[in-house]
Amino acid sequence: MESSSVMRSTRENALLRTLKLLAHNKIGLLGLIVFLSMTLISFVGPLVIPPETQAHVDQIYQPPSAAHPLGTDFQGREMWKMVIHGGRDVLIVAFLAGIITTFVAVTIGAVSAFFGGWVDSLMMGITDIWLTIPRFLLLVVVATLVRLENVWMLALFLAFFGWPGLARQIRSQVLSLKKREYVEAAQLLDLGAAHIIFREMLPNMMSYIVIAMINAMTSAIYSQTGLVFLGVVPFGNNWGVMFSLAYAKNAIYNPNAAASLLVPMGAIILFQISLVMLSRSLEEIFNPRLRRGV
Amino acid sequence: MTALIRLEHVTRRFQVKRRPGTPGVLGTPSVPFIKAVDDVSLEIQEGEILCVVGESGCGKTTTGKMIAGLLKPSQGKIFYQGEDITTLKDESWKRYRLGVQMIHQDPYASLNPTHSVYRTLAAPLKRHWPVGSESAIRSRARELLEMVDLTPASDFLDKYPHQLSGGQRQRVAVARSLTVNPSFIVADEAVSMVDVSIRISLLNTLLRLKKEMGLAVLFITHDLALAKYFAWEGRIGVMYLGRLVELAPARQLVEAPQHPYTKVLLSAIPEADPDVTRTKEHIQLRSMDVPSLLRLPSGCAFHPRCPFFEGGDCETVVPQLTSFRDGGAEYSGAEGLGTAYSSAVACHPAQRRRQAGLVNETAAEAD
Amino acid sequence: MNQQLNEAPQGWVQHTAAPRTAVPNHAPTLSVKGLTISYQAKRGAVQAVRNVSFEVQRGEALALIGESGSGKTTMGLGMVRLLPSTATVSQGQLLYSRHNAGNGSVTGGAGEIDVLQLKGRDLRQFRWKECAMVFQAALNAFNPVLRISDQFGDTARAHGYLQGKDLAERARQLFELVRLDSERVWRAYPHELSGGMRQRVLIALGLLLEPQLLILDEPTTALDILTQRNIMDVLKELRQRLDFSLIFISHDLSLAAELADRVATMYAGKLVELSDVYTTFKNPVHPYTIGLINAVPTLTAHKDHVASIPGSPPDLIDLPEGCKFHPRCPLATERCREEEPELVPSTDDTHWVACWNWESARAQLNAGQKGASA
Amino acid sequence: MSSGATALRPKKTARELLEKIATNFWLRTIVKKVFIVWVVVTLTFFIIRALPGNPVEIMVMSLMDSGLSSEEAYTRAASLLRIDLNAPLSQQYSDYMSNLLKGDLGDSYVLAINKPVTTLIAQRLPWTLFSVGTSLLISFVIGMFLGTLAAYRRNSLLDHALTNFGAAIESIPNTLTAIVLVLLLGVTWKVVPLNFMRGSLSPGIKPGFTLPFVVDLFKHYAVPGTVYVFSTLGGWMLAMRSSTISTLGDDYVTVARARGLPDLRIITAYVGRNASLPLITSLAISLGFVVGGSILIEFIFVYQGIGLLLSQAIGKRDYPVMQGILLVTTITVIVSTALADLLYGWLDPRIRITGGGE
């Protein structure tokens, strides 16, 4: 058995414990490593490696070789440099959207469950309507009207369209926690709302929230890719723009140009899969029977 | 003397919730409310024991939760030390809030799995005893564990719920409620999920605490034998479909039940003695169907099943719980329901017999 | 059906010289020999059932009593081979005998089979046809989306039994036996029936194929007292009218006292006492049985006798050495701490006990209790 | 007490009646669905008309750019949108609503000039419903099968492989899947001729119930259909797996085994049927998501559905068309959730509608 010093956990060593457990889970560990290294490369890489601003007309669409490890694009730019520079915005949007989505969903779900009554009916009514509307279409239409000029705007936008499913799940979590007998006992002992929320309920929901946030990041990247591809998000260089441009330049029909299409796509897919592996392993660790919503 | 807790015509309605996505059935009348507790009046004195017995869905847990303030009555009033609990403010509210505590049924859910025993006990101590130093709180926590017979206390302080047995967890829950010096404890099926072999010792701990600290206890259970054991010196109330149908001193209720439902219950319970249980006479019900709370029978809710059904007002008038003085005179309303040795019954024929003075002897005997 | 009669099923252990002739009356319906079952858990092996042996005679009702974690439910599931995949039966035999041939017996007439050796279709045929089981949570024992009639039909079809009108007629007779209104039940969906009704429907379904053995696992635990009384009365009546053996698993001593012919007490996966019901309740000799009976308050007895057993049931992954009850036993000696007693005959060969001190246990414990209460 | 009860009697029945109406499921469902449509309609109206810098202003500007005077441009825009742009906003809103009630969604002004939006959508919607609907059913069936398989073999290598694969493909944007398929099947391996990955029908084929039509239909559907299936399969599989695992733990499954029922019967009637119940509602809601996702797929495969229409409308900022598509898609989803509710009621007797009382 674990010694009592380990068991007397603060939030810090809860994180440590999780990491330890994750270290024993091969898929989770792999996911974590890929996730961390891609994040690191995307944020630190641009500081070390100069951006590829010049077009090299003589180097257009070079397949991968020793000289061009990941090939070149339609302007003869080095793909590997482009990929390193193209990750940051995608990831920032994903992180921001993930955090905002989770924050909105947790707030709405928790408030709805905590207050109940007409507040609950109203909020869940709105949530249900929001769930039924084909949100991606609405997102596309609205994106044509509102200029999503920076990462914040885009993240807010994705969050605005992404919260309802999660809010429902959080609500049912809070509802079930609210009925837990130790929460009732805390109410009876007049321990105060802050204690009940932050000491009794939140620690028991933390794992759930973390997983939800990772999943929200995944869907933010998913939607973001589509929006960029449709050209409604005018962004500079990022993975989405890279493959969309390559596609628009008909790279798909040019065998030599395959790299310029596949490399950014590969980066997106790899990152998505690392997130999925991470979240699935965390689910397994925290609650093997946790249900995944559709 | 003002009663510690007094319920006056307390009713609690619930909206019938359907599963999400479940349509109501066309053609059947949709009654959106059920009365989980209907017009219950009773009093509990300081240091008294009252057991509430009934089958699942009879409203006993709802009653307990209303007394503890976890649910609000839809109608009627609850008084704590003579004051209506809905009007309490600040100091007097806090006195009530901390004065009434609850022990829950499920030992696996009653403690927060992420908190050690020490942390579970320290949280209320720190909040309500803010001057205490860390070491003072620790020694108080140790004292509390000893009070609930978790000895040596230092073995338990740093344990987590998953390292304790069901009985031990319930003891920690009792200790937690004692942190705020309550005067009243609602124990809702507190031992039903604890192993049979250790139930009694948990009950004995509660009885000892009651004696030492002058606690009043409302013990909610479906097990009449357990109720008889626990409430030997107190009273037992029997609930059926949301109403209190009989309220009497424990021994009197078991030995001379007045209400047909109580009689049937007592006759139906098997005993852990083959001779007794195989020769016991079982009163047959008129019907095995338990009425739904959604569609209660008219008059006395027990009449369609009652083996002593006499017709007449049984079918039309809901019998009120009424207590009697010796000689058959009636107490008015809730007045008599708190007196320790009065017995009350909600059954027309039984009341008629009491008025005629036919059943006084048993009440006198039980003293 | 005839075809089944003619082929010897796999796993068929022929212990008798003439397998097609009837076994003598005294052959037990079920003979459990040294059954040992463990579960794989993260912390280690859960030793749920350890070397358990007993017999159930024809027409007999045996109660298996014990607290949660005593292994009684695992025993029940093991007897119909419904253990979860994490469980392994490491040892033992489950010998089952059919008394009368004919009646479309799937085991090909009378004889003895080892249930643990059955496979595939033979196992399916053994289940319900020879041994039916009424579960603890009968409330959810029926598929919510199928009518009762369909679920009877499923069962009958799986065993090549009556169909259509004949089945309905047979069901009507069974419903009458368990005091149900056949009209109302036959075409109903499970959710349209109350808990008590569903439990009785399940008992009727259990009797459909006239099994020789009916296992009831906490059949009344989730039910109200009045419904429980009704089920008990139905069961008692059925036993008088029909010929089947009953294994009754419960933590409720009073149900055992009312329904059983013999009582087996389980503790930490092992049988610690086995005797007829009167002996168990009037003259138990194992300290655990004595403690358990004393721990339950009754309506009629005086409250002074009631006392808990000190301590808690053991952790099945980390069992104590010697007798598993010794940490809670007031009479434990050095020998109890080191050596585990086996279940052996005590006063006579109908009363078995697994305790080194059984001869003096009762006297000592009673003296101790009097001393304590004085 | 009793006199009070009789006095309350008539009032009570009136209240009961009201409660009966308020709690009637189907009535409430219909009201709720109508309400959702109203919300979407109103939302689009205000986005298009009432916001500062709204599309109508942009539209007027672009009309003026094409040489019309401000006056003419306004009149033209008004006739396209069927709204008097000079009237107060409330008037515009009520006009807009009454037009919708008449089934008039206005005219397209860029894509197909002066052609009613309803006509445009009516031409394209069947293609999308066919491709999306067929794919959803296929992926639902395969997902149920694989999910059940994984649940029955849970914690085996197969289970781990299936669930991780399912979760992974669920996270890959369908755009990427589509491009990879075109690249692999059409360009690299040359398995599927590229002309079957462009358009929804070969030139010269007349729609109708003829063999060449049906064959051609499916040829063009094959690759985009695969993308839809691929991008939704993971979700069904995981949902079915967890649903099946929880159903396998239900008592009636254990009892069915104890009753000696054949495995096939248990898997289908006892496990499968109950485990798939919660997925039925998701099926309807997911229709909306997949139709939403069709915009990208139809764009890549030049598939003549409303997704392509929408992407064209977006490219040209043809607002009446965009608004119409949004509305029609929402209604499609709402109708399909209503159908799913009915289906659910039919599959689950616990909520089945029975005619009379008991």
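These numbers come from the heavy atoms of this one structure, side chains and all, not from hydrogens, waters or symmetry mates. In what follows, chains are A, B, ... by sequence order, proteins preceding strands, each numbered from 1.
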Does [X] use its side chain to pair, donor to acceptor, with the backbone of [Y] at less than 3.5 Å?
X        : Y        : result
A:Glu181 : B:Asp106 : yes
B:His115 : A:Arg199 : yes
B:Asn112 : A:Tyr182 : no
A:Arg180 : B:Ser110 : no

Check whether [X] gets within reach of chain A through its side chain, its backbone, both or neither, counting any heavy atom under 4.5 Å.
X        : answer
B:Lys94  : side chain
B:Lys65  : side chain
B:Leu111 : backbone
B:Arg97  : both

Would you indicate whether [X], at its atom [atom1], is surrounded by more than 12 heavy atoms from other residues, nucleotides or ligands within a distance under 6.0 Å?
X        : atom1 : result
B:Lys77  : NZ    : no
B:Glu91  : CD    : no
A:Phe103 : CZ    : no
B:Lys210 : NZ    : yes

Original post:
Can you check side-chain contact (heavy atoms from CB on, under 4.5 Å) on B:His104 and A:Glu184, steps first, answer last?
Top reply: CA-CA 9 Å; B:His104 290 90; A:Glu184 273 190 5; 2.7 Å; yes
**OP:** Begin with the C-alpha distance, continue with both residues' side-chain angles, and end with the deciding distance and a verdict on side-chain contact (heavy atoms from CB on, under 4.5 Å) for A:Leu188 and B:Val100.
**Re:** CA-CA 8 Å; A:Leu188 291 171; B:Val100 181; over 6 Å; no
Subject >> Interface residues of residues 179-186 of chain B facing chain A - non-hydrogen atoms under 4.5 Å apart >> reply: B:Thr179, B:Val180
